[in-house]
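The structure presented is a predicted model; accordingly, all values stated were derived computationally and were not measured.
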Amino acid sequence: MMIFRSASALGAMAAVLSFVGVARAAPALDTTKMTQMQSKAVCVNPHPTHVNLSKLVVGFSQSESNANPFRAGETKSVRDAAKAFHVRRLIYTNAHSNQSRQVADVENMINQGAQALIIAPLDSTGLQPAFAQAAAKHIPILTLDRRTAGSKCSDYLSFLGSNFYFKQGEIDARELAKATGGHAMVAEIQGAYGNSVEVARTKGFAAGLKAYPGMKIVTEQTGNWFTTDAQKVMSQILLAHPNVNAVYAQADTMAFGAITALRDAGKKPGQVKIVSIDGTRQGVQDIVDGWIYADDETNPRFGPIAFHELQNWFDGKPVPRHIVLTDHIYTPANAAAALKNNVPF
C-alpha cells in the first residue's frame, strides 16, 4: 500500500529529525578555487570519529574589534560558514586587542564544551597555555590570519592566511614603483611592531624596493593598525619630511588615516601616491576616488575553508598545515568594476 504525506507533514518530520540530531550534510566546497596554495605537509587524526559538525560545539576566538573592516569580514565569514555547515553551536568571543583576554577566552570556550576551535591570534606568542589545555582534551585548533608560536599537528592543525609572507609587501613595492615612475621619497606606516604580519610586510616591501634604486624610504613609523594613530603619524611625517610623495600603508585602516592627514594638509588626490593592503570596500573606493593607487587584498573569507578542514580532521582526512587564500590586487584598471560586482569586502 502506498502512503502519501502532505508537504506540511513532511516539513514537520524534517523538523523533528533535525531536533533529535540527525546529521545534515556539509555544503560541497571546491577549495581549489578559494586557495592559491596548500602545503604538502599535512596533519591526520590518528583516531577519527567521523562525527558530523552538526553535532559539535565550535569556538571562534576573534582577536580585535569588528570596527576593523577586515575583522568584521572575518567574523562574518566564520559565522556564515557555521550556519552553512549546520554547526550545532558556535561560541564567539572577542579579545579586543588584549592578549591575556584572548587566552582566557579560549580557556572559557573549552570549559563551555567547545570540541573544536578556530583562533585568530592577536600576537605571535602567548597562546601556549590555551593550546596546552586544548591538547589535553584532544581539541583540534585552526589558526587564522596571523602565525603563532607552536607545533603544527600538536598545538594546532593548520594556519590559514594570505600570502603576506613577503609577497604582499613585494607587490606593493612594485605597484608604488609603477605609480611614481620608480622615483619616490617613501613614508612607510607600519602595523604594531613585532606582530608577525607587520614583520612580514616590512621585510617584503624592503625586498621589493631593491629592484627600484630610485625609491627611498625616508621614514618608518608605526600606526598600530589604527586609523587615528596613522593620521597623527602622517601629519608628523608631512612636517618633518615635506618632500614625501609616496606612502606605503600596511593596512587600509592606516591608509584611511593617512588620507585624512593629507587632505587636512591641502593635498589633492594622487598628489601623494599611496599603496595599501587589505582590499576593503572603502579602500577600493579610494582607488576610484584617486587617493589610493593600489590595494592588495588580505582575504578575510576563512570560514568555509576552516569548517571544511575541521570536518576533514574528524573524518581522518589529511589537513594541510598551511593554506594560502586567493587574494585580489585592486588598481585603477579594475577598481570600479570590482565595486560594481560587489567583490571587495
Distance under 6.0 Å and angle within 45° of ring axis: R79 vs F60
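No - R79 does not lie over the ring of F60 by the 6.0 Å and 45° rule.
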
For [X] and [Y], work out which heavy atoms get closest and say how close.
X	Y	answer
T280	F256	OG1-CZ, 3.5 Å
G303	A81	C-CB, 3.3 Å
P320	Q38	CG-OE1, 3.3 Å
G191	M254	N-CE, 3.7 Å
A130	I110	O-CD1, 4.1 Å
G223	D229	O-CB, 3.1 Å

Give the ring-plane orientation class for Y248 versus F205, where under 30° counts as parallel, over 60° as perpendicular and anything between as tilted.
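It falls in the parallel class, under 30°.
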
Hey, can you tell me if F345 and F70 have their rings parallel, tilted or perpendicular (30° and 60° cut-offs)?
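Plane angle over 60°, so perpendicular.
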
[X] side chain to [Y] backbone, donor-acceptor under 3.5 Å:
X	Y	answer
N98	S100	yes
D295	V275	no
S154	S151	yes
N94	H96	yes
T227	T253	yes
E297	H328	yes
K267	D264	no
N45	W313	yes
R71	S65	no
E74	L144	no

Straight-line distance of [X] [atom1] to [Y] [atom2], nearest 0.5 Å:
X	Y	atom1	atom2	value
S61	L127	OG	CG	7.5 Å
D252	I292	CG	CD1	5.5 Å
F159	S39	CZ	OG	11.5 Å
Q62	I118	CD	CD1	11.5 Å
E309	L142	CD	CG	7.5 Å
Y293	D172	OH	CG	11.5 Å

Is it true that [Y] and [X] share a donor-acceptor pair across their side chains at a distance under 3.5 Å?
X	Y	result
Q115	R89	no
R281	N342	yes
D123	T125	no
Q282	D286	yes
R201	T298	yes
N195	Y193	no
Q168	Q250	no
Q112	N108	no
N299	S162	no

Can you find a pair of side-chain heavy atoms, one from [X] and one from [Y], that are under 4.5 Å apart?
X	Y	answer
Y330	P344	yes
I259	I274	yes
L56	V51	yes
V58	V87	yes
D278	P69	no
I305	I323	yes

Report, as yes or no, whether the 6.0 Å neighbourhood of atom [atom1] on [X] holds more than 12 heavy atoms from other residues, nucleotides or ligands.
X	atom1	result
F226	CZ	no
R101	CZ	yes
K152	NZ	yes

Would you please test T260 and Q231 for side chain to side chain donor-acceptor pair (under 3.5 Å) and show each step?
CA-CA 6 Å; T260 299; Q231 181 181 345; 4.6 Å; no

Test of understanding: with side-chain contact (heavy atoms from CB on, under 4.5 Å), list the residues that count as partners of R174, not counting sequence neighbours.
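Counting only residues at least two positions away or on another chain, R174 forms a side-chain contact (heavy atoms from CB on, under 4.5 Å) with I171, K178, Y212.
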
Determine, stepwise, if the pair T219 / Q221 fulfils side chain to side chain donor-acceptor pair (under 3.5 Å).
CA-CA 7 Å; T219 183; Q221 302 290 330; 3.2 Å; yes

E64/R146 salt bridge by N-O under 4.0 Å criterion:
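Yes, this pair counts.
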
Could you list the cluster mates of V324? Members are the ILVMFWY residues connected by side-chain heavy atoms closer than 4.5 Å, either directly or through other members.
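For the cluster that includes V324, the remaining residues are M37.
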
